[in-house]
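Here's the structure we're looking at; comments come further down.
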Amino acid sequence: MVVSNLAVRTVAELGQQPEEYRKAVQKLVVSHAVNELYGAQVFDEPAIALAPTPYAKWLTCRVAMEEYHHHLRFKGLADEMGVPAEAMNPDVKKPLTIFHFELKTWPEFCVIKAVADLAEVLQVEDLLHCTFHPLRNLARITMPEEKFHAKFGRDFCTELCQSEGGRAEIQDALNRYFPITPGFFGASHSKNNEMFRKWGIKQRTNDEMRADFQARATDLVENVLGLKLPAL
Ligand SMILES: [Fe+2]
Ligand SMILES: [Fe+2]
């Protein structure tokens with residue numbers, strides 16, 4: 001059953017929804033709050049030091065600033081919903097495996113932005129019509145910035161791919177990073193995903209999202225960068 005005509009316009013209205021709906025919304029908001037913060041800490045902020053030119057540093061600062069801001073937006077909503085701060089501590093709520101990669105080089109960061117932020121664009125797209133409007137509105141505000149992050153990655157990868165050495169570095173980073181990204185979309189028969197779709201909080205199954213991601217990543221790596229997408 002899909003509750004498609006549901007519209008929960010405010011946090012106060014959320015309080016009147018069934019427990020399953022409230023829990024489902026909380027799970028998603030907390031997940032975004034935790035992962036936006038963790039990603040900013042392990043990837044975006046350290047990447048400012050790796051960026052090779054003032055121009056690249058400037059844009060990387062912007063990316064880091066926006067990722068911290070995403071955390072603040074989702075955390076602000078969670079606070080309004082009465083979620084305890086402890087629930088958003090990355091030591092308590094484990095961050096996603098997509099962040100379990102030890103960032104050491106600039107080409108690796110460019111690949112992470114091109115690929116992981118493409119995956120994030122898909123996740124945010126899935127919330128653009130969420131029945132919980134405060135979350136839908138956050139997704140709509142966040143979307144242009146996530147698109148900028150993915151484009152930042154694609155543009156710097158494209159630039160690096162113009163030299164033989166750069167192409168080899170990007171291919172190598174892809175070979176090591178891309179295989180961990182499909183896990184970002186969750187298990188094939190996830191109970192959480194079933195619950196999100198039942199309440200119109202999310203639209204697509206994890207497998208549909210993963211297949212779409214695979215298609216867009218293939219286009220990026222093979223048609224735009226002229227490299228090889230590693231087999232999973
Ligand atoms: Fe973000
Ligand atoms: Fe991002």
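As the structure lists them, so they are numbered: ligands from 1, and atoms in each ligand from 1.
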Check: Mind checking whether the Fe ion (ligand 1) has an N, O or S of E67 under 2.8 Å?
Finding: yes
Checklist line | F148 six-ring face occupied by R62 cation (under 6.0 Å, within 45°) | finding: yes
Item checked: Atom name, H70 (N, O or S, nearest to the Fe ion (ligand 1)) -> ND1
Notebook entry, point to check: When you look at NE2 of H100, are more than 12 heavy atoms from neighbouring residues, nucleotides or ligands closer to it than 6.0 Å?
Noted result: yes
Item checked: Of all N/O/S atoms in E146, the name of the one nearest the Fe ion (ligand 1) -> OE2
Item checked: Any donor-acceptor N or O pair under 3.5 Å, side chains E36, H69 -> no
Notebook entry, point to check: Do the charged groups of K151 and D117 touch, with an N to O distance under 4.0 Å?
Noted result: no
Notebook entry, point to check: Would you say T60 and F152 make side-chain contact, with heavy atoms under 4.5 Å?
Noted result: yes
Next item on the list: Would you give the angle at the Fe ion (ligand 2) between D117 atom OD2 and H149 atom ND1, to the nearest 10°?
Entry: 100°
Next item on the list: Give the atom name of whichever N/O/S atom in E36 sits closest to the Fe ion (ligand 1).
Entry: OE1
